[in-house]
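Please read these numbers as outputs of a predicted model, since none were measured by experiment. Proteins come first, then strands; the chains are lettered A, B, ... in the order of their sequence lines, and each starts at number 1.
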2 protein chains.
Amino acid sequence: MSFGKLPYTELREILSVIYRKDPSVLLGPGIGEDAALIELGDDVLVVHADPITGAVENIGWLSVHVSANDIATRGVRPRWLVTVLLLPPGLEYKMIKGIVQQIRNAADEIGAVVVGGHTEITPGIDRPIVITTAIGIGKREKVIYTANARPGDFLVLTKGAGIEGTAIIASEFQHILKGKVSEEILLKAREFIREISVVREALAAFETGGVHAMHDATEGGVIGAVQEISIASGLSARVYEGKVPIREETLTICRILGLDPLRLISSGSLLLAVDPGKVEDVLKTISSLGIEVSIIGSLGEGRGVTLIRRNGEEEEILKPIEDELWRLLALEGTSRVKSLES
Amino acid sequence: MSFGKLPYTELREILSVIYRKDPSVLLGPGIGEDAALIELGDDVLVVHADPITGAVENIGWLSVHVSANDIATRGVRPRWLVTVLLLPPGLEYKMIKGIVQQIRNAADEIGAVVVGGHTEITPGIDRPIVITTAIGIGKREKVIYTANARPGDFLVLTKGAGIEGTAIIASEFQHILKGKVSEEILLKAREFIREISVVREALAAFETGGVHAMHDATEGGVIGAVQEISIASGLSARVYEGKVPIREETLTICRILGLDPLRLISSGSLLLAVDPGKVEDVLKTISSLGIEVSIIGSLGEGRGVTLIRRNGEEEEILKPIEDELWRLLALEGTSRVKSLES
């Protein structure tokens, strides 16, 4: 059994054990890990929890953004946060305070507030673990489901492919990249992590209208996100490699390590399924926030994801995407870095 | 820095960093760890998260009950659960499924439903860690605050003192108790853990009326719970040692180890502050569920907790209660068992 998520077959069995159908639950636990939807009269409560278990520098800050993203992709503002901090014995109080300050900063950045939580010193862990539950509330008829995408929708992507993975690799694999990549590129690449929140663009795009589905490109990268929308909506998808923005830093690092940027974890890159009649407005809205945005493909009747390579070759994506970061970690035989989220 | 919670001064500083006041938050993070209250029009959303980080047999089952208890003590039914499972590499799938089944069973027992979560294999942990966020919704004017207790209220306790601690010690300290305590007592003591939920009695008592405050007797035991209600409500409390039910098994184990049952962790023991005019009804309601219940003292004007010992001596409780279980663990120099919750 590998790190990160459990295999699909076992996850499916676990989900069937854990979940009892309930009329109040519009959307319960499922593979794909989107936020749960709970009916409260005309309103819908949107809830999502994610842990950050990898030893990462910005753990408190990341934890808030990663959980909040999954509320925002429902078209709902993440408003309330509950944070659980598990701290290794001996961790300096200065570090603890630093993590807490990060949580507060991230909450402020997205206009959310920490309402509760739990902090403890936990024996037997060698690094902090932070779990954030994010909660929001929206109007029932306006909440977005991943399954809502429609045939003819354009697929729109913000930022670029593999931005989170690029940042992680630039931080954690310096020993391999040293000498092969300039310090300047490494520095810029590490900074990509600051772009991990999709809350601003998700809510602005949703307000503009015509947005049928949104997905944060976490594990499996851009192609993984397209696949999730395609499967959830029961539609086929065509993605043009040449239209997916890939930053210089991502290209350089991926080329050296032999990774496909399109399959590299990319939290912070928001994938949207947008009505063709509204797509120009959505592009304008997102651009006006100073965020790069591109049409990378479209949805149609049928099933399956087709990737059209730069040379025109068509590649059918048949299996679930294994994230390139996990592949790299397996090659490296290291468990130092892990699932920033999953 | 010891295991479990951080020291008060540091917790206070952390809380001041993490929390930004927000008009939607009726009750935010604070020491005492009760559930947060979020205003939703005439309704109140009640949210609480707790981790279970000790290597315990019933970790999935306990995790649900421990978090759900803090919703029920607000007079609100815990309805929705989000569970995060962090699993050590190499854990057998059978074990994982067992934990998940426990979560489902506990949810069914209290009529709640798991709406979402996250499961992952986490390198660098040697035991499963389960974090449950519990959520409920109640009418704003009916939700109970710990600060709501009134002078003249009776203090009512369900089950007995130190029941959770008794179960933990009987499970984890068998090596010390062997030969000194009969197998029968150990077996019975271990079974106390099955009584950890306070949801049934809390909701039934609340429905009966006259309940001004409720608190689950976690860390610090019965005296700790009395102290929390006393401090939160700005009232004095008098507790009669002779009126606190202490089970045979608890007495025996505590006598051998030199522990005070009144200061021993006791999740499952619900402490209620009840209007004198309604106290008979509340006692009847709880008894009718087959749950032991007693009046153990009362609240009055002023400050401070007074414990009236069996011999009539009065003991002023001035400091925060250090739980007897933590003292035992420190004596034992072990970190095997830890904060079942905190």
Side-chain angles (χ1 to χ4, degrees), chain A residues 1-6 10-11 13-14 17-20 22 24-25 28-29 33 35-36 38 40 47-51 53 79-80 82-84 86 89 93 96-97 100-101 103-104 107-108 113-127 129 131 133 135 137 335 338-339 342, chain B residues 1-6 10-11 13-14 17-20 22 24-25 28-29 33 35-36 38 40 47-51 53 79-80 82-84 86 89 93 96-97 100-101 103-104 107-108 113-127 129 131 133 135 137 335 338-339 342:
Chain A
M1 207 170 275
S2 63
F3 298 145
K5 281 188 193 169
L6 296 176
E10 296 177 349
L11 258 184
E13 189 176 27
I14 281 178
V17 172
I18 212 164
Y19 183 48
R20 178 170 52 78
D22 186 281
S24 69
V25 182
E33 296 279 316
I38 297 165
L40 297 179
V47 185
H48 187 74
D50 258 322
T53 58
R79 290 191 56 190
W80 305 291
V82 180
T83 54
V84 173
L86 308 180
Y93 176 61
I96 301 173
K97 222 178 127 183
V100 169
Q101 186 66 59
I103 290 171
R104 169 67 187 272
D108 285 354
V113 57
V114 176
V115 297
H118 174 102
T119 306
E120 70 164 49
I121 310 293
T122 305
I125 60 174
D126 61 0
R127 60 192 186 274
I129 292 177
I131 301 97
T133 304
I135 305 174
I137 191 164
S335 67
K338 224 208 54 33
S339 150
S342 49
Chain B
M1 208 170 273
S2 62
F3 297 145
K5 280 190 197 168
L6 296 178
E10 296 177 349
L11 257 183
E13 189 177 27
I14 280 177
V17 172
I18 212 164
Y19 182 48
R20 179 170 50 79
D22 186 281
S24 69
V25 182
E33 297 280 314
I38 296 166
L40 297 179
V47 184
H48 188 74
D50 258 322
T53 57
R79 290 190 58 190
W80 306 291
V82 180
T83 55
V84 173
L86 308 180
Y93 176 61
I96 301 175
K97 219 177 128 183
V100 169
Q101 186 66 58
I103 291 172
R104 169 65 187 273
D108 285 354
V113 58
V114 176
V115 296
H118 174 102
T119 306
E120 69 163 49
I121 311 294
T122 305
I125 61 174
D126 60 0
R127 57 190 189 274
I129 292 178
I131 301 97
T133 304
I135 305 175
I137 191 163
S335 68
K338 223 209 52 36
S339 151
S342 50

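Atoms CG and CD, on A:Leu11 and B:Glu120 in that order, are 11.5 Å from each other to the nearest 0.5 Å. A distance of 7.0 Å separates OG1 in A:Thr122 from CZ in B:Arg127, rounded to the nearest 0.5 Å.
When the side chain to side chain donor-acceptor pair (under 3.5 Å) test is applied to B:Thr83, no partner is found at least two apart in sequence or on another chain. Residues passing the side chain to side chain donor-acceptor pair (under 3.5 Å) test with A:Glu13 are B:Tyr93, B:Lys97, sequence neighbours excluded.
Of the atoms belonging to B:Val100, heavy atoms from both backbone and side chain fall under 4.5 Å from chain A. Both the backbone and the side chain of B:Val114 come within contact range of chain A, with heavy atoms under 4.5 Å apart. Looking at B:Ile18, the atoms closer than 4.5 Å to chain A (heavy atoms on both sides) sit in the backbone and in the side chain alike. With a threshold of 4.5 angstrom between heavy atoms, B:Val25 approaches chain A through side-chain atoms but not through N, CA, C or O.
For the options B:Val17, B:Asp108, B:Leu86, B:Leu40, heavy-atom pairs under 4.5 Å to chain A are most numerous at B:Val17. By number of non-hydrogen pairs under 4.5 angstrom with chain A, the leading residue of B:Asp126, B:Val82, B:Ile38 is B:Ile38. When A:Ile14, A:Asp22, A:Val84 are compared by the number of non-hydrogen pairs under 4.5 Å with chain B, A:Ile14 comes out ahead.
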Item checked: side chain to side chain contact (heavy atoms under 4.5 Å, CB included) between A:Ile129 and B:Ile125, worked out -> CA-CA 11 Å; A:Ile129 292 177; B:Ile125 61 174; 4.3 Å; yes

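The minimum heavy-atom distance between A:Gly116 and B:Pro29, with the atom names listed, is CA-CB, 4.0 Å. The two residues A:Ala107 and B:Arg20 have their closest heavy-atom pair at O-NH2, 4.3 Å.
In this structure, the side chains of B:Ile135 and A:Thr133 stay at 4.5 Å or more apart for every pair of heavy atoms. A 4.5 Å side-chain heavy-atom check between A:Pro51 and B:Ile131 finds every atom pair outside the cut-off.
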